[in-house]
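Just so we're on the same page: letters track the sequence lines, and every chain starts at 1.
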Amino acid sequence: MGDVRTIRDELLAAVPSLRAFAISLCGHVDQADDLVQETLYRALAHIDSFQPGTNMPAWLFTILRNNFRSDYRKRRREVEDSDGKYTENLMTHPEQEGKVEFQELRAALKMLPADQREALVLVGASGFSYEEAAQICDCAVGTIKSRVNRARVRLAELLSVEYAGQFGPDHKTRAVLSAGGRS
Amino acid sequence: MQTDAMTRKNSIRLGRDIQSKIGLQLRAMYDDVVKEGVPDRFSELLSKLDERQNKDKDAG
């Protein structure tokens, strides 16, 4: 009983960061929450394969990441998506993209290849070490490092115009305009 | 008038500024979601799973 309680508490404690990771991956809150739910189901179904005392968050992130990858591949096969339209639709529901101040960053993030995006988020936002991120993405540490670097360079390219001109007062106005003229 | 070296220096500094701004914004965006905490959907889900597990135990 005590064990069950502990595991449940650990799962609950991981939910907020799992959601943040999922939203960064797929850019869509509802889809992200489904992904987190599926992750929790799978984690409980395979709880025996988790070694107590090891890194629970890294284990959960691995499940979520693999889940996202296989869902995404499946959907890509199901939906004709040669020009990326479906993916784009998934990632640009303006009402679900959250705060205006992050819209440019979200838009830039979605232009990164998936492997660079997940590496950057794991290291740059979730706070995992390169080693942990490599474990989560099932690749070499050097691969993670180079993905993070490429992601940073690419983001800087994508955002340099926005950010360079931004140290002025009209940033918010332009952000709203670039969000597709919702107002 | 700017020399090439000055231009280069400026663009390096701009690159650094942009990098640190991207880093900060990325974390801010992420933390924004983390701060939302645990939506009811998930605490309810885990409570239900707990109950089911307990029932299974009683039955078995």
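- Annotation: maximal heavy-atom pairing with chain B below 4.5 Å, among A/G124, A/A20, A/G127, A/A108, occurs at A/A20.
- Proximity to chain A (any heavy atom under 4.5 Å) is shown, for B/L26, by both the backbone and the side chain.
- Only the backbone of A/V153 comes within less than 4.5 Å of a heavy atom in chain B; its side chain stays farther off.
- Using a 4.5 Å cut-off on side-chain heavy atoms (C-beta onward), B/L45 and A/Y41 make contact.
- With rounding to the nearest 0.5 angstrom, the CD1 atom of B/I18 is 8.0 Å from the CG atom of A/L159.
- No side-chain heavy atom of B/V33 sits less than 4.5 Å from a side-chain heavy atom of A/V29.
- You'll find the side chain of B/F42 reaches within 4.5 Å of the side chain of A/D33, heavy atoms only.
- Side chain to side chain, B/Y30 and A/S126 meet the donor-acceptor criterion of an N or O pair below 3.5 Å.
- At a 4.5 Å heavy-atom cutoff, the contact between A/L40 and chain B is made by side-chain atoms alone.
- Expressed to the nearest 0.5 Å, how far CD1 of A/I7 lies from CG of B/L46 amounts to 11.5 Å.
- Within the 4.5 Å cutoff, no side-chain heavy atoms of A/I23 are placed close to those of B/M29.
- With hydrogens and angles left out, the side-chain atoms of A/R152 and B/Q19 include no donor and acceptor closer than 3.5 Å.
- Chain A forms more heavy-atom pairs under 4.5 Å with one residue of B/S43, B/P39, B/S47 than with any other, namely B/P39.
- With hydrogens and angles ignored, the 3.5 Å screen pairs no side-chain donor or acceptor of B/E36 with any backbone N or O of A/P16.
- Interface remark: A/L120 contributes backbone and side-chain atoms alike to the contact with chain B (heavy atom separation under 4.5 Å).
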